[in-house]
Amino acid sequence: MMKREGKGKEAAASLACALAMLLLVLAILLTSFQLAVYGDSDYRFYEKEYQKYHVTDALGMELEDVMIVTDYMMDYLIGREEELSVVTEVDGRTQDFFNDQDRFHMGEVKDLFLGGLRLRNICAAVSLFIIMGLIAMKMDWIHLLPKAFFRAVILLAATGLVLGIAFSVDFTRCFTIFHEIFFDNDLWMFNPSEDYMIRMLPEGFFFDMVVRIGMTFIGMMAAFGAALLILRKYSDCRRKEK
């Protein structure tokens, strides 16, 4: 009877670890998104992308003015500005860079982005709560967590491989599906002849940003996995010394 209870307790601990690691991986993914988008306070990545895709020529703007628009837009998306409106020199005229469609769509993007950050905080908090519970119950969390983490990594790697192939084969189609999932209207579809924002952020920019997010995520996952392995090895050494 005691043996059966012990196995049941161990199985419950393994499931708890699996849940904690899945939530933590999601939190890391959302954090990597934030770091890729906002990690460079001077937005040098954006500047290089504008030069790469000749954005200033498409807009008829100076790079300095494009960066001012970018800085304001990024402040708006993170909640530091209330209204998306920037008067600047574009196409040889002094006017608001953003139109009503831009404001509506970017308002939805802002809600989605801030909602993702709130979800990240919840996932991280629940994951930490589960881990603290395992520690309080004196479960073998130091060995269970790495196993659960690397199982999550395998699942994620398989998913990432499928998505990576899909995006490489037809990025435009995947980009469209993404918008169809997260937006219930077609106001994300812009006309380059009328909308300056789509000229500033061409499809190539989004492809490069997806790669940047992916590389940031891989780096964070590798660092966390290495930390777990070091912690487990340290614990094993301490046990041997005793």
Closest non-hydrogen atom pair between [X] and [Y], with its separation:
{"X": "Leu144", "Y": "Ser14", "result": "CD2-OG, 3.7 Å"}
{"X": "Ala58", "Y": "Arg199", "result": "O-NH1, 2.9 Å"}
{"X": "Cys123", "Y": "Leu26", "result": "SG-CD2, 3.6 Å"}
{"X": "Glu49", "Y": "Gly204", "result": "OE1-O, 4.1 Å"}
{"X": "Pro202", "Y": "Val55", "result": "CD-CG2, 4.3 Å"}

Indicate, with yes or no, if [Y] and [X] share a hydrophobic cluster defined by side-chain heavy-atom contacts under 4.5 Å among Ile, Leu, Val, Met, Phe, Trp and Tyr.
{"X": "Leu114", "Y": "Leu84", "value": "yes"}
{"X": "Phe206", "Y": "Phe178", "value": "yes"}
{"X": "Ile177", "Y": "Phe171", "value": "yes"}
{"X": "Ile181", "Y": "Leu112", "value": "yes"}
{"X": "Phe150", "Y": "Leu156", "value": "yes"}

Legend entry - Residues which pass salt bridge (charged side-chain N to carboxylate O under 4.0 Å, His left out) with Asp96, listed by chain and number, not counting sequence neighbours: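 For Asp96, the residues satisfying salt bridge (charged side-chain N to carboxylate O under 4.0 Å, His left out) (neighbours in sequence not counted) are Arg103.
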
Legend entry - Residue list, salt bridge (charged side-chain N to carboxylate O under 4.0 Å, His left out) with Lys52, at least two apart or on another chain: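 By the salt bridge (charged side-chain N to carboxylate O under 4.0 Å, His left out) rule, Lys52 matches Asp208.
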
Legend entry - pair Asp184-Glu108: side-chain heavy atoms closer than 4.5 Å: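 A side-chain contact under 4.5 Å exists here.
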
Legend entry - Side chain to side chain, Leu228 and His143, heavy atoms closer than 4.5 Å: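 A side-chain contact under 4.5 Å is absent here.
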
Could you give the distance from [atom1] ([X]) to [atom2] ([Y]), rounded to the nearest 0.5 Å?
{"X": "Asp40", "Y": "Glu47", "atom1": "CG", "atom2": "CD", "answer": "9.5 Å"}
{"X": "Phe113", "Y": "Met106", "atom1": "CZ", "atom2": "CE", "answer": "11.0 Å"}
{"X": "Phe224", "Y": "Met220", "atom1": "CZ", "atom2": "CE", "answer": "10.0 Å"}
{"X": "Glu64", "Y": "Thr88", "atom1": "CD", "atom2": "OG1", "answer": "9.5 Å"}
{"X": "Glu81", "Y": "Asp75", "atom1": "CD", "atom2": "CG", "answer": "5.5 Å"}
{"X": "Leu19", "Y": "Ser127", "atom1": "CG", "atom2": "OG", "answer": "8.0 Å"}

Legend entry - By side chain to side chain contact (heavy atoms under 4.5 Å, CB included) - contacts of His179 (at least two apart):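 With sequence neighbours excluded, His179 shows a side chain to side chain contact (heavy atoms under 4.5 Å, CB included) to His105, Phe175, Phe183, Trp188, given in chain and number order.
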
Inset, instruction - With sequence neighbours left out, write down each residue that passes side chain to side chain contact (heavy atoms under 4.5 Å, CB included) with Glu89, or none if nothing qualifies. - result: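 Listed in chain order: Asp65, Thr94.
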
Could you list the donor-acceptor pairs under 3.5 angstrom formed by side chains in residues 30-38, with sequence neighbours left out?
| residue | atom | partner | partner atom | Å |
| --- | --- | --- | --- | --- |
| Thr31 | OG1 | Ala27 | O | 2.8 |
| Thr31 | OG1 | Arg120 | NH1 | 3.0 |
| Ser32 | OG | Ile28 | O | 3.4 |
| Ser32 | OG | Leu29 | O | 2.6 |
| Gln34 | OE1 | Arg120 | NH1 | 3.2 |
| Gln34 | OE1 | Arg120 | NH2 | 3.4 |
| Tyr38 | OH | Met74 | O | 2.5 |
| Tyr38 | OH | Ile78 | N | 3.4 |

Could you check whether any side-chain N or O of [X] sits under 3.5 Å from a backbone N or O of [Y], counting only pairs where one atom can act as donor and the other as acceptor?
{"X": "Gln101", "Y": "Met189", "answer": "yes"}
{"X": "Asp195", "Y": "Asn191", "answer": "yes"}
{"X": "Tyr50", "Y": "Met200", "answer": "no"}
{"X": "Gln95", "Y": "Val90", "answer": "yes"}
{"X": "Asn99", "Y": "Asp102", "answer": "yes"}

Inset, instruction - Verify the neighbour count for atom CD of Glu180: are there more than 12 heavy atoms of other residues, nucleotides or ligands below 6.0 Å? - result: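 Yes, enclosed.
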
Inset, instruction - State whether the number of non-hydrogen atoms from other residues, nucleotides or ligands found under 6.0 Å of Lys110 atom NZ is greater than 12. - result: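 Atom NZ in Lys110 is packed in, count exceeds 12.
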
Inset, instruction - Take Val109 and Met73 through the test side-chain contact (heavy atoms from CB on, under 4.5 Å) and record every step on the way to the result. - result: CA-CA 11 Å; Val109 172; Met73 179 180 69; over 6 Å; no

Legend entry - Chi angles and distances behind the side-chain contact (heavy atoms from CB on, under 4.5 Å) call for Val25, Phe149: CA-CA 8 Å; Val25 166; Phe149 176 76; 4.3 Å; yes

Legend entry - side-chain contact (heavy atoms from CB on, under 4.5 Å) between Met209 and Tyr46, worked out: CA-CA 9 Å; Met209 180 58 79; Tyr46 294 79; 3.6 Å; yes

Inset, instruction - Using the test side chain to side chain donor-acceptor pair (under 3.5 Å), find all partners of Asn121 that sit at least two apart in sequence or belong to another chain. - result: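 So Asn121 forms no side chain to side chain donor-acceptor pair (under 3.5 Å) with any residue.
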
Inset, instruction - Check the side chains of Glu203 and Thr172 for a donor-acceptor pair under 3.5 angstrom, ignoring hydrogens and angles. - result: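 Thr172 vs Glu203: donor-acceptor pair found between side chains.
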
Inset, instruction - Examine Phe167 together with Phe207 and report whether their ring centres are nearer than 6.0 Å. - result: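 Centroid distance Phe167-Phe207: not below 6.0 Å, so no.
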
Legend entry - Distance flag, aromatic centroids of Tyr72 and Tyr76, threshold under 6.0 Å: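 No; Tyr72 has its ring centre 6.0 Å or more from that of Tyr76.
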
Inset, instruction - Start with the C-alpha gap between Asp91 and Met61, add the side-chain angles, then the distance that decides, and say whether side-chain contact (heavy atoms from CB on, under 4.5 Å) holds. - result: CA-CA 7 Å; Asp91 258 350; Met61 293 177 67; over 6 Å; no

